[in-house]
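Everything below concerns the one structure shown next.
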Amino acid sequence: QVQLVESGGGLVQAGGSLRLACAASGGTFSTYVMGWFRQAPGKEREFAAMIGWSGTVTNYAGSVKGRFSITRDNAKNTVYLQMNSLKPEDTAVYYCAAGRPMTWSTRINDYDYWGQGTQVTVSS
């Protein structure tokens, strides 16, 4: 069992920045692929970013590439999402997810564990 808890969401103005954190417990964090997904009102949950177990391989959705950065600190069992140049269309609930070592996917059903989500609201 893996438990994931997101934090760092809030209300920011367009152009601002936020850093989300996802603290993991249980399992073997360093072996898991970690992802961030988001769900805007009236929209399906969508992929935002993912990072491999070593922290050196990453993948981003086109909508966030160049603005968001995913990192992980295996010693702290934590994955981060640094969000810069935020836009109103980034407003969503952001979810942290963990997949077993062979996971390398943008599909939500390929991830095994999920956090409760944290709200990010970007005003204009």
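Throughout, numbering of the chain's residues begins at 1 and tracks the sequence.
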Quick check for you: to the nearest 0.5 Å, what is the distance between [X] atom [atom1] and [Y] atom [atom2]?
| X | Y | atom1 | atom2 | result |
| --- | --- | --- | --- | --- |
| Thr58 | Phe68 | OG1 | CZ | 14.0 Å |
| Trp104 | Met50 | CH2 | CE | 4.0 Å |
| Arg100 | Asp112 | CZ | CG | 4.0 Å |
| Ile108 | Glu46 | CD1 | CD | 11.0 Å |
| Glu6 | Tyr94 | CD | OH | 12.5 Å |

field: With Val120, the side-chain contact (heavy atoms from CB on, under 4.5 Å) member among Thr91, Leu18, Leu81, Val93
entry: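 Single side-chain contact (heavy atoms from CB on, under 4.5 Å) partner of Val120 among Thr91, Leu18, Leu81, Val93: Leu18.
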So, for [X] and [Y], which heavy atoms are closest and what is the spacing to 0.1 Å?
| X | Y | value |
| --- | --- | --- |
| Ala23 | Thr78 | CA-OG1, 4.2 Å |
| Gly115 | Tyr95 | O-CD2, 3.7 Å |
| Cys96 | Met34 | SG-CE, 3.6 Å |
| Gln39 | Lys43 | NE2-O, 3.2 Å |
| Tyr60 | Ala49 | CD2-CB, 3.6 Å |
| Phe29 | Val79 | CZ-N, 4.1 Å |

Is there side-chain contact between [X] and [Y], with heavy atoms separated by less than 4.5 Å?
| X | Y | answer |
| --- | --- | --- |
| Phe37 | Tyr111 | yes |
| Tyr32 | Ile51 | no |
| Lys87 | Val122 | no |
| Met83 | Val12 | no |
| Cys22 | Tyr80 | no |

- request: Ignoring hydrogens and angles, tell me if any N or O in the side chain of Asn59 forms a donor-acceptor pair with the backbone of Gly52 under 3.5 Å.
  value: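 Checked: no pair found.
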task: Measure from the side-chain N and O atoms of Thr118 to the backbone N and O of Gly9, and report whether any donor-acceptor pair falls under 3.5 Å.
output: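 Present.
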message: Assigning hydrophobic clusters by single linkage (Ile, Leu, Val, Met, Phe, Trp, Tyr; side-chain heavy-atom cutoff under 4.5 Å), is Phe47 placed with Leu4?
response: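 No, it is not one cluster - the side chains of Phe47 and Leu4 are not joined through contacts under 4.5 Å.
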- prompt: Does CH2 in Trp114 sit with more than 12 non-hydrogen atoms of other residues, nucleotides or ligands closer than 6.0 Å?
  reply: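 Yes, enclosed.
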message: Just checking Glu44: does its CD atom have more than 12 heavy atoms from other residues, nucleotides or ligands closer to it than 6.0 angstrom?
response: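 No, the 6.0 Å shell around CD holds no more than 12 heavy atoms from other groups.
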- request: List in chain and number order the residues that pass side chain to side chain contact (heavy atoms under 4.5 Å, CB included) with Gln82, two or more places apart in sequence or in another chain; answer none if no residue qualifies.
  value: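 For Gln82 the side chain to side chain contact (heavy atoms under 4.5 Å, CB included) partners, ignoring immediate neighbours, are Ser17, Arg19, Ser69, Asn84.
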field: Any pair counted as salt bridge (Lys or Arg N to Asp or Glu O under 4.0 Å), so long as it reaches residues 63-84, sequence neighbours left out
entry: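 Matches after skipping sequence neighbours: Arg67-Asp90.
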